[in-house]
Amino acid sequence: MTNSTSTTTPSGRAGRRWESPLWGRTALGVLMLPLLLVSMDVSVLYFAIPSISADLEPTGTQQLWIFDIYAFVLAGLLMTMGSLGDRVGHRRLLLIGAAAFATASLVAAYANSAEMLIAARAVLGIGGATLMPSTMALLRTMFTDPGQRAKAIGLWSGVMTAGIALGSVMSGVLVEYFWWGSVFLVNLPAMALLLVLGPALLPESRNATPGRFDRLSVPLSMAAVLPVVYGLKEIPSEGWNVRYVVSITVGLLFAALFVHRQRTAASPMIDPALFRGRGFAPSVALNLVSAFGIMGSAYFTTQYLQSVLDKSALEAALWALLPSVPIGAAAPVATALVQKGVNRASVVTAGFAIAAAGFALLAFAGTDSMWLVLASCGVLAVGGVIVMSQIMDLAMGTAPVERAGAASSLMETGSEFGGALGMAVLGSIGTALYRHDMPASAPGVARETLGGALAVADRVPGLATVAREAFTSGMQGAAIAGAVLLAGAAVLAAVTLRRVELHTPEEAAEPEKVPV
């Protein structure tokens with residue numbers, strides 16, 4: 001496949017400066033800022049919601065939309081924005097997204113009604129959808145050397161994972177000392193820095209012959225993603241309600257239509273040729289499974305810290321940061337092993353095995369096992385980041401540079417699906433076991449959820465202890481299921497990746513430096 005990527009910078013001198021190690025590291029640091037903030041915004045409202053509710057007095061439905069609309073819009077637009085970036089330029093789209101993100105953050109911080117805050121959060125989701133695939137696509141353009149790119153993508157994976165954990169803690173600290181709007185104002189300095197330095201530091205990259213943009217694919221992709229993500233996110237707390245099953249079914253039907261459109265359109269949003277690249281299709285599937293494990297475990301561990309161990313929300317968030325500490329070393333170690341000649345399939349297989357061991361540890365947790373739970377989360381997160389960093393590097397190395405945005409958006413959409421599916425499946429297993437272990441004499445609300453049981457525990461002696469034991473039993477059962485799934489993924493990775501070359505034909509055909 002010919003490389004039709006067009007790259008430009010303000011001048012040849014600027015291009016030479018970008019090639020220097022200091023210039024490249026500075027550009028990489030600036031590029032990680034928007035990624036960190038986008039991932040933080042997924043969880044930044046965890047502790048701000050009570051203050052927002054007291055100030056804006058949203059209805060129950062409005063409160064749910066304040067919290068969820070960001071993730072829904074982001075997930076629904078990832079593929080659109082990735083493909084759009086391939087056409088208009090990833091640096092241009094990144095800067096447009098940064099401006100939108102900053103403006104929406106300012107509006108959200110000073111919103112005086114629930115409707116205004118919901119609208120601002122929706123625009124934040126749009127901005128986030130432009131930023132995520134653009135950062136990865138620019139990494140693909142900036143680092144054509146496989147070793148350098150692997151290190152950069154490892155950093156990308158670590159920042160993405162750590163940002164979600166950091167967002168909840170930052171919101172707790174800011175709300176403790178300032179007002180709830182401050183959780184949005186922290187976005188402004190970083191976005192301003194990106195807007196100032198981005199044009200000089202980052203190269204432009206676009207497909208020189210992208211073809212006509214397929215507008216019909218935009219609503220089809222959103223209609224495929226949003227109903228499925230919505231249904232999967234609601235099932236853990238509400239159960240397999242007919243409404244959510246119908247939502248998932250509708251989304252899958254639109255997904256089939258979307259796939260048909262990509263196969264038949266003259267200029268599709270997602271070129272099916274991407275999946276003919278060696279290793280790309282397995283990468284999408286394995287990345288989804290990795291996200292399944294990480295998010296599926298988070299559903300239990302956050303509740304365990306707060307409701308079983310009776311920690312305050314801020315205490316729980318601070319303790320939950322501990323498992324994030326080893327994440328920083330996981331991706332660099334995995335990358336170093338691959339660069340020293342260890343087969344990538346073996347590294348990915350080991351990552352899944354480590355993550356499965358994390359779930360196995362969690363299966364031994366009791367009602368007073370905080371350190372064991374934190375250790376299991378750390379082991380699981382290390383395994384997950386090892387997998388995600390190597391799989392993302394494989395996928396982006398396989399994808400042509402001119403379709404880096406579309407490739408990145410597919411991987412990130414897969415992560416959204418995997419995370420939602422993990423919470424739905426493992427959450428349903430845990431909930432079923434919880435309800436099975438709760439005595440029939442317990443109040444109806446107590447038999448539904450642990451939170452419901454604790455709410456009425458003062459009226460029923462011993463109920464809190466029984467409910468905590470039942471929840472822990474459900475967590476153990478879900479952990480066993482997660483361990484089995486990830487062990488199976490380890491076998492699948494070993495089989496599907498063993499023949500994938502480390503350096504793909506597309507990489508070999510690229511020049512050592514991107515002309516800038």
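Computation of the quantities below employed the complete heavy-atom set of this structure, encompassing side-chain atoms and omitting hydrogens, waters and symmetry-equivalent molecules. Count residues from 1 along the sequence.
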Taking the side chain as every heavy atom from C-beta outward, state whether [X] and [Y] have any pair of such atoms under 4.5 Å apart.
X	Y	result
M438	L463	yes
V379	I354	yes
I248	P227	no
T496	L286	yes
I126	M81	yes
F471	L433	no
L426	F292	yes
F184	L124	yes

Residue list, side chain to side chain donor-acceptor pair (under 3.5 Å) with E115, at least two apart or on another chain:
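For E115 the side chain to side chain donor-acceptor pair (under 3.5 Å) partners, ignoring immediate neighbours, are Q62.
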Can you name the residues that form a side chain to side chain donor-acceptor pair (under 3.5 Å) with R468, not counting sequence neighbours?
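None.
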Quick check: closest heavy atoms across [X] and [Y], and the distance to 0.1 Å?
X	Y	result
V387	S290	CG1-CB, 3.9 Å
N187	S105	ND2-OG, 2.9 Å
A345	A493	CB-O, 4.3 Å
A355	G384	CB-N, 4.2 Å
L305	L309	O-CB, 3.5 Å
P439	V466	CD-CG1, 3.6 Å

How long is the straight-line distance from [atom2] of [Y] back to [atom1] of [X], given to the nearest 0.5 Å?
X	Y	atom1	atom2	answer
Q476	I429	CD	CD1	13.5 Å
I391	F352	CD1	CZ	6.5 Å
Q390	S283	CD	OG	10.5 Å
L220	T80	CG	OG1	10.0 Å
L372	L362	CG	CG	7.5 Å
H260	F254	NE2	CZ	14.0 Å

Set out, in order, the CA-CA distance, both residues' side-chain angles and the distance that settles side-chain contact (heavy atoms from CB on, under 4.5 Å) for E469 and D437, then state yes or no.
CA-CA 9 Å; E469 290 175 349; D437 289 351; over 6 Å; no
Partner residues of [X] under the side chain to side chain contact (heavy atoms under 4.5 Å, CB included) criterion, sequence neighbours left out:
X	answer
A111	M116, L117, W180
A353	none
A363	A479, I480

Is it the case that the side chain of [X] and the backbone of [Y] share a donor-acceptor pair, with hydrogens and angles ignored and the cut-off at 3.5 Å?
X	Y	answer
T431	G427	yes
N287	M411	yes
S307	Y304	no

Verdict with supporting geometry, I386 and V382, side-chain contact (heavy atoms from CB on, under 4.5 Å):
CA-CA 6 Å; I386 288 174; V382 165; 3.9 Å; yes
Under the side-chain hydrogen bond (donor to acceptor under 3.5 Å, both in side chains) rule, what pairs show up with a residue in residues 360-389, not counting sequence neighbours?
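Listed by first then second residue: nothing to list.
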Steps toward side-chain contact (heavy atoms from CB on, under 4.5 Å) verdict (L288, V284):
CA-CA 6 Å; L288 186 151; V284 174; 5.8 Å; no
